[in-house]
**Student:** 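Below is a structure I'd like to ask you about.
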Amino acid sequence: MTRLAGWGGVPAVDARERVGESLPEVCRPASLTRGLGRSYGDASLPARTGAIVASTRLGDRVLAFDRVAGVLRAEAGFRLSQLEELTRPAGWVSPVVPGTRHVTLGGMVASDIHGKNHHVAGCFGAHVRSLVLQVADGRELEVGPDRESELFAATLGGMGLTGHILEVEVALLAIACPWLVIEVEPAPDLGALVARLRAASRTWPYTVAWADALSRGARLGRGIVIKGRWAEPGEAPATSPLHSRVDSRLAVPCNLPSWVLGPTSVRIFDALFYRAHCWSAGRRVVHPDRFFHALDSIRDWNRLYGARGFVQHQSVLPDEAGDERIVRYFETITRHSGASFLTVVKDCGAEGRGLLSFPRPGISVALDLPMRGAATQALVDALNRHVLDAGGRIYLAKDALTRREDFAAMEPRLAAFDAVRRLWDPERRLRSALSARLLGDPA
Amino acid sequence: MKIVLLGATRGMGRSLARLCARRGDAVALLGRERDEIARSARDLVALGAGAVAQGICDLDDPARFGPALAAAADALGGLDAVVLSAADFARPADLDADPARAVRLATRNFAHSIAFLEAARVRLLAHGGGTLCVFSSVAGDRARKATGIYGATKAGLSHYAVSLDLRDRPRGLRVVLVKPGFVRTGMTADLPVPPFAGEPDAVARRVLRAIDRGWPVVYAPPIWRLVMLVIRTLPRFVMRRAEF
């Protein structure tokens, strides 16, 4: 038995983890597949103690890389860090990347991850050309936008509940130069932050904002907007950026005491972070990893939150709900002293094909919340109340505490997803701690 | 480098083959599962291998060793190194219940492994030398309760490799004896993970350096050299009580 947890450390479940080089073999008896366990909550955990979970860790072979057309096909355990090392020197990058390189292709599909370019590129699933799925009865199927398209759509963002993802084929993005040009712009309050973020997204392919979620009053939601684009040749060094070490040298060696990321230290950090970026505002050329995967430079940073762990909460508040809703959302956070270490704000583009994919047009807010039991649950409930009132939704890859009734009320698309599962997995052989919590699957 | 590997669709052999491919080496994969070899070959091509050849070769079928090596050498246009990383594995408890399985393991890991290495040695020496890389195990360094027949075969293999190195190095044969400690591969997936467990990619990096530089013995992860130094000095009465 192995104790499994998501990146937040809570909850944790003892499971029988199956590891092996041949994915079809490893997945066959499993109730769930798991990549590198970088989803924050319980999405990669089994529904009950002792259940079999397949690890894709060793199933990471490349099956084809077309350097001319920019199409890559690989086994589901192939990692984004490996992809970048292979394709970047050939002038190709993943069309969509999350905040960490330590994710697998299978996980990127199952969570239908989005990135700083969601307003122009959509989710990762929009670029997937084909998948090989091992469905609940053991059959292997090739699915894609025009092949078993309903099953395909349910699998994008389907949290691994529609079948074991064995292979992924994705169309890559061509870049002329492997460096990033970025521009940093401070915003003194939440209104300015959201306005500047939206304005930036009209001209920049990559945008994101960081907000200080502890300041109140006139400074509520002050922060910085970071904009980026791939450099043009001649704008950046002629050398190619070094591939960062997969195992960063800087690491958090053990769980730290929980006061380390308490309200006071986060307040100091946020103030310093804001000041530092105000001073460094302007345009410059940076290493792509520094822009896309900044936190990867500290290995095991989740240990900063101590043994009690932390939860993430990410929601999208639709544009039509009005900006006043975002202000009230932030007021709720400050009222609860949520002490979110990094609060990330991003404007989302159009909804994708995935039946349970997270993004939809609106403003997404992602919070890190130290786990403090009932108080944290109360904060998540209060935030979900706002999300429900606004007609928004939450991101399953982050979630650990949302209640089933709240999720059902947020997700009118659930019926379509359930229909696909009934068709392909009537006995619900594939399930997770998340599906037991939110979809009512048996434990 | 032109390198042939038996057992490189899985585990440390896979990692080593990928490392070679990434720097443009010509790689020939030998193994028993045709589909798995084909998938691994696609992987090596995508990673940048100079050439990739495939051949069926099963540790159960020593008659095929010579022809498979010859075909691989033809496909690559020569041979600089031969790697044996294929092996059978079973826990002593599993073997107690199944004597035929025990014989099979002993045959694959010792008699047939040596037959393969002999075929490779003859071939390399006939063409002026080269590197022969043998994956043995720290389980062959000191008998423990848990090493059983597997450890005995590895002890024999290590002994053989050292002897070859002493005898044939002057004739141009460089023997690299690899002694992995506990490495997290599919083979060890069901075992409890001890301290100092290694990752296959890290082991492969060290093994490739050893092949490039002709180190005769390489422990991987390196800490296992020290661990085994300690374990080898433990008196028997301690080993009788130790549960590892």
Side-chain angles (χ1 to χ4, degrees), chain A residues 1-3 15-27 29-30 34 36 52-79 81-83 85-90 92 105 132 140 166-167 169-170 172 243 245-247, chain B residues 5 7-24 27 29 31-49 52 54 85-87 89 182-194 197-206 221:
Chain A
M1 293 273 238
T2 317
R3 192 149 188 83
R16 281 189 290 157
E17 197 182 19
R18 253 174 88 84
V19 188
E21 287 90 351
S22 163
L23 286 186
E25 208 175 286
V26 169
C27 291
R34 171 186 168 92
L36 297 179
I52 301 175
V53 178
S55 165
T56 59
R57 190 157 61 78
L58 298 179
D60 64 346
R61 284 177 288 193
V62 185
L63 299 170
F65 174 37
D66 184 334
R67 284 160 203 263
V68 179
V71 176
L72 178 110
R73 189 182 187 90
E75 293 175 341
F78 191 62
R79 300 182 287 278
S81 54
Q82 294 173 302
L83 183 147
E85 191 175 3
L86 175 67
T87 67
R88 213 192 268 157
W92 299 99
L105 286 183
V132 174
E140 281 177 32
L166 303 179
E167 291 177 21
E169 184 174 296
V170 60
L172 302 172
H243 190 73
R245 290 166 54 95
V246 171
D247 290 325
Chain B
L5 304 102
T9 59
R10 289 167 194 260
M12 293 175 277
R14 178 194 280 188
S15 293
L16 181 59
R18 298 179 91 181
L19 220 47
C20 293
R22 271 163 51 188
R23 62 180 205 181
V27 183
L29 294 176
R32 67 193 151 96
E33 297 162 297
R34 194 175 296 278
D35 289 351
E36 283 295 301
I37 293 172
R39 286 177 84 85
S40 281
R42 289 163 73 184
D43 181 42
L44 301 182
V45 169
L47 294 180
V52 180
Q54 310 170 40
S85 61
F89 177 77
F182 187 96
V183 181
R184 294 169 193 262
T185 64
M187 187 185 99
T188 59
D190 295 331
L191 305 176
V193 180
E199 294 295 332
D201 287 351
V203 170
R205 279 195 293 275
R206 193 164 159 78

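Letters A, B, ... are given to chains in the order of the sequence lines, protein chains preceding strands, and every chain is numbered from 1.
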**Student:** Just how far is it from atom CZ of B/Arg22 to atom CD of A/Glu85, taken to the nearest 0.5 Å?
**Tutor:** 4.5 Å
**Student:** Please identify, among A/Asp66, A/Thr2, A/Val26, A/Asp60, the residue contributing the most non-hydrogen atom pairs under 4.5 Å to chain B.
**Tutor:** A/Asp60
**Student:** Can you list the residues that meet the side-chain hydrogen bond (donor to acceptor under 3.5 Å, both in side chains) rule with B/Asp43, with sequence neighbours excluded?
**Tutor:** B/Arg18
**Student:** For B/Arg184 and A/Val19, indicate whether the former's side chain and the latter's backbone hold a donor-acceptor pair under 3.5 Å.
**Tutor:** no
**Student:** Surrounding CZ of A/Arg67 (heavy atoms of other residues, nucleotides or ligands, distance under 6.0 Å), is the total greater than 12?
**Tutor:** yes
**Student:** So, for A/Ser22 and B/Arg10, which heavy atoms are closest and what is the spacing to 0.1 Å?
**Tutor:** CB-NH2, 4.0 Å
**Student:** Between A/Arg57 and B/Glu199, does any side-chain N to carboxylate O distance fall below 4.0 Å?
**Tutor:** yes
**Student:** Using modelled atom types and a 3.5 Å cut-off, is there a donor and acceptor pairing between side-chain atoms of B/Arg14 and backbone atoms of A/Leu58?
**Tutor:** yes
**Student:** Could you go through A/Leu63 and B/Arg39, starting from their C-alpha distance and side-chain angles, then the distance that decides it, and tell me whether this counts as side chain to side chain contact (heavy atoms under 4.5 Å, CB included)?
**Tutor:** CA-CA 7 Å; A/Leu63 299 170; B/Arg39 286 177 84 85; 3.5 Å; yes
**Student:** Is B/Thr188 in contact with chain A via its backbone, its side chain, both, or neither, using a 4.5 Å heavy-atom distance?
**Tutor:** neither
**Student:** For the interface with chain B, which of A/Glu167, A/Glu17, A/Arg16 has the highest count of heavy-atom pairs at distances below 4.5 Å?
**Tutor:** A/Glu167
**Student:** Output the option from B/Ala189, B/Ala41, B/Ala46, B/Ser15 having the highest count of non-hydrogen pairs under 4.5 Å with chain A.
**Tutor:** B/Ala46
**Student:** Please check if the number of heavy atoms outside B/Arg23 that lie under 6.0 Å from its CZ is greater than 12.
**Tutor:** yes
**Student:** State whether B/Glu36 and A/Arg61 are salt-bridged, where the test is any N-O pair (Lys NZ or Arg NE/NH1/NH2 against Asp/Glu carboxylate O) under 4.0 Å.
**Tutor:** yes
**Student:** Side chain from CB out, backbone as N, CA, C, O: work out which of these in B/Asp35 comes under 4.5 Å of a heavy atom of chain A, or both, or neither.
**Tutor:** neither
